[in-house]
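Atom set for the values below is all heavy atoms of this structure, side chains included, hydrogens, waters and symmetry mates excluded.
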Amino acid sequence: MVSIIIPTHNRLTMLKRAIRSVKDQTFKQYELIVVSDGCTDGTNDYLKSIEHTNFKFFVNETPCGASAARNIGLKYAKGEYIAFLDDDDEWYNFHLEILVKKIKSTDSNVGLVYGWIDYYEGDKIVNSKYPNLSGNIFTHMLDKQAITNSSVLIIKSKVLKKVKGFDESLLRGNDGDFIRRISKLYHVDYVPKVLCKVNIGHNDRITLNTSENLTNEIESYLKRLIKFQNDFKKHPKLKSNVLHKISISYLRKNNFKQALYFLKKSIIFSKSFKDVTDKLIKFSKVSILKLIN
């Protein structure tokens, strides 16, 4: 059986669409766990009305964030495999069938399987993510989110004995951190097929570059540098890349002093003239766009 975990916060219309995409799955051996995280929009009444043998939901009266909500779901999950779905995304009806077939065929050293995603604004595809990384992908994950997001992952539940769920201190980048910690201990595999629609045409996404979200992004980068400091010692160029991302985030917050500080630090750890040049060019382009706007 697969345990499906959906965290949600005041997105009732989108949540109904996400749950409908679960109910439409061709693979039926699942339990659905929804965690209502401080919802005040009628979500709780809707969840109470759902009649399904393998459905359960939990309510946080005070919102604790997506990571904490997912961890509540993980606490009660009973499946051999675990899948996640964000409340604003939706699965194609073959999503689980394909992922379960793939993960059941993998070796014991594989802990996670992912698929591909398309990003939608309304009915229009505006971006796609089709990575083909497999095996030991940890170094690819150190400086970026190298694969896809949590809505298109399936993991073996045994992974949770070593990787203790999502980091609740992270308000941004929690998907990447979770995958990063899994990929340090287990191999990863993938299915070369689009399995999920990621809907980005709304204004309450944590990936929007508001001042608050950029602050959370910077905190996430800084915590990554600390959490994986021994790994970054072996890969100074990757550390340079993260430092440069911090400088760009500060630049987007109009904090030029901190932006220049982290730009200089990123250059110190750069390993080639081309790398330095590329970082300076990107920094300059963002600076010019900020001045124009």
Side-chain angles (χ1 to χ4, degrees), residues 2-27 30-37 39 41 43 46-47 50 52 55 57 63 65-74 77 79 81-100 102-103 112-131 145-155 166 170-179 190-208 213:
V2 179
S3 296
I4 303 163
I5 299 170
I6 303 178
T8 188
H9 175 70
N10 287 344
R11 287 176 171 173
L12 178 55
T13 300
M14 289 184 275
L15 174 66
K16 288 180 178 180
R17 181 181 62 194
I19 290 178
R20 186 165 59 249
S21 78
V22 172
K23 289 181 176 180
D24 288 343
Q25 292 298 299
T26 55
F27 183 90
Y30 65 80
E31 64 170 355
L32 175 59
I33 303 170
V34 178
V35 182
S36 171
D37 192 39
C39 292
D41 63 344
T43 290
Y46 165 68
L47 294 175
I50 295 177
H52 194 288
F55 171 75
F57 72 94
S67 291
R70 289 192 189 108
N71 285 342
I72 290 172
L74 289 172
Y81 307 110
I82 297 170
F84 305 95
L85 177 59
D86 288 349
D87 58 3
D88 54 344
D89 299 336
E90 54 190 309
W91 288 345
Y92 291 109
N93 66 348
F94 45 77
H95 179 105
L96 281 180
E97 183 178 352
I98 288 176
L99 284 179
V100 170
K102 180 66 176 181
I103 200 166
L112 176 152
V113 169
Y114 68 93
W116 290 348
I117 53 178
D118 285 332
Y119 294 85
Y120 278 79
E121 283 192 11
D123 295 327
K124 182 181 179 182
I125 296 176
V126 294
N127 199 3
S128 299
K129 207 165 185 180
Y130 302 162
Q145 166 56 301
I147 59 171
T148 43
N149 70 10
S150 61
S151 287
V152 74
L153 307 180
I154 189 167
I155 66 170
F166 289 79
L170 297 178
L171 300 179
R172 192 165 177 177
N174 40 40
D175 290 17
D177 175 77
F178 184 64
I179 297 167
Y190 74 101
V191 174
K193 187 175 180 66
V194 176
L195 303 178
C196 180
K197 293 173 65 175
V198 175
N199 296 295
I200 62 173
H202 54 94
N203 295 321
D204 62 341
R205 294 176 291 115
I206 64 170
T207 51
L208 291 173
N213 285 347

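- The side-chain contact (heavy atoms from CB on, under 4.5 Å) test applied to Ala68 returns Cys64, Glu168, not counting sequence neighbours.
- Taking each heavy atom of Pro7 and Ile5 in turn, the nearest pair found is CD-O, 3.8 Å.
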What do the steps show when you test Leu47 against Leu15 for side chain to side chain contact (heavy atoms under 4.5 Å, CB included), and what is the final call? CA-CA 10 Å; Leu47 294 175; Leu15 174 66; 4.2 Å; yes
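- With contacts defined as side-chain heavy-atom distances shorter than 4.5 Å, the pair Lys193/Phe94 qualifies.
- Note on Arg70 versus Asp37: no salt bridge recorded, every NZ/NE/NH1/NH2 to OD/OE distance being 4.0 Å or above.
- Nearest heavy atom pair, residue Asp87 against residue His9, reads OD2-N, 3.3 Å.
- Under the ring pair (Phe, Tyr, Trp, His ring centres under 6.0 Å) criterion, Phe27 pairs with no residue, sequence neighbours left out.
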Between His95 and Leu195, does a side chain to side chain contact (heavy atoms under 4.5 Å, CB included) hold up when you go through it step by step? CA-CA 5 Å; His95 179 105; Leu195 303 178; 3.4 Å; yes
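- Across all their heavy atoms, Pro131 and Ala146 have their closest contact at CB-O, 3.6 Å.
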Given the rule in the side chain to side chain donor-acceptor pair (under 3.5 Å) test, do Tyr130 and Asp118 qualify, once you have shown the distances and angles that lead to the verdict? CA-CA 9 Å; Tyr130 302 162; Asp118 285 332; 2.7 Å; yes
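- Summarising the geometry, atom CD belonging to Glu31 is positioned 8.5 Å from atom CD1 belonging to Ile82; distances are rounded to the nearest 0.5 Å.
- Every ring pair (Phe, Tyr, Trp, His ring centres under 6.0 Å) that Tyr114 has, sequence neighbours left out, goes to Tyr190.
- Side chains of Leu153 and Asp175 form no contact here, defined as non-hydrogen atoms less than 4.5 Å apart.
- Here the CG atom belonging to Asn199 is positioned 9.5 Å from the CG atom belonging to Asp123, to the nearest 0.5 angstrom.
- With contacts defined as side-chain heavy-atom distances shorter than 4.5 Å, the pair Asp88/Met14 qualifies.
- The side chain to side chain contact (heavy atoms under 4.5 Å, CB included) test with Ser150 is passed by exactly one of Asn174, Ile179, Asp86: Asp86.
- Taken to the nearest 0.5 Å, the CZ atom of Arg172 stands 5.0 Å off from the CG atom of Asn213.
- Here the straight-line distance linking atom CD1 of Ile4 with atom OH of Tyr30 works out to 6.0 Å at 0.5 Å rounding.
- The backbone N or O of Tyr92 sits nowhere less than 3.5 Å from a side-chain atom of Lys197 that would complete a donor-acceptor pair.
- Although no hydrogens or angles enter the test, the distance criterion places a donor-acceptor pair under 3.5 Å between the side chain of Asp41 and the main chain of Leu12.
- Taking both residues in full, the closest heavy atoms of Gly79 and Ser3 are given as N-OG, 2.7 Å, listed atom of the first, atom of the second, then distance.
- A donor-acceptor contact shorter than 3.5 Å is absent between the side chain of Ser67 and the backbone of Phe166.
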Show your working on side chain to side chain contact (heavy atoms under 4.5 Å, CB included) between Phe57 and Ile6 and close with a plain yes or no. CA-CA 9 Å; Phe57 72 94; Ile6 303 178; over 6 Å; no
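- When all heavy atoms of Trp116 and Val152 are compared, the pair lying nearest together is O-CG2, 3.9 Å.
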Please assess Ile147 against Leu112 for the test side chain to side chain contact (heavy atoms under 4.5 Å, CB included), listing each intermediate value before the final yes or no. CA-CA 11 Å; Ile147 59 171; Leu112 176 152; 4.1 Å; yes
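- Looking at heavy atoms from C-beta onward, Val34 lies out of side-chain contact with Tyr46 at the 4.5 angstrom threshold.
- Contact check for Asn149 versus Asp89: side-chain heavy atoms found under the 4.5 Å cut-off.
- Here the shortest heavy-atom pairing between Lys129 and Gln145 reads NZ-O, 3.2 Å.
- Between Ile200 and Asn127 there is no side-chain heavy-atom pair separated by less than 4.5 Å.
- Judged by distance alone, with hydrogens and angles left aside, the side-chain atoms of Glu97 form no donor-acceptor pair with the main-chain N or O of Thr26 at under 3.5 Å.
- Side-chain atoms of Trp91 come within 3.5 Å of backbone N or O of Ser151 as a donor-acceptor pair.
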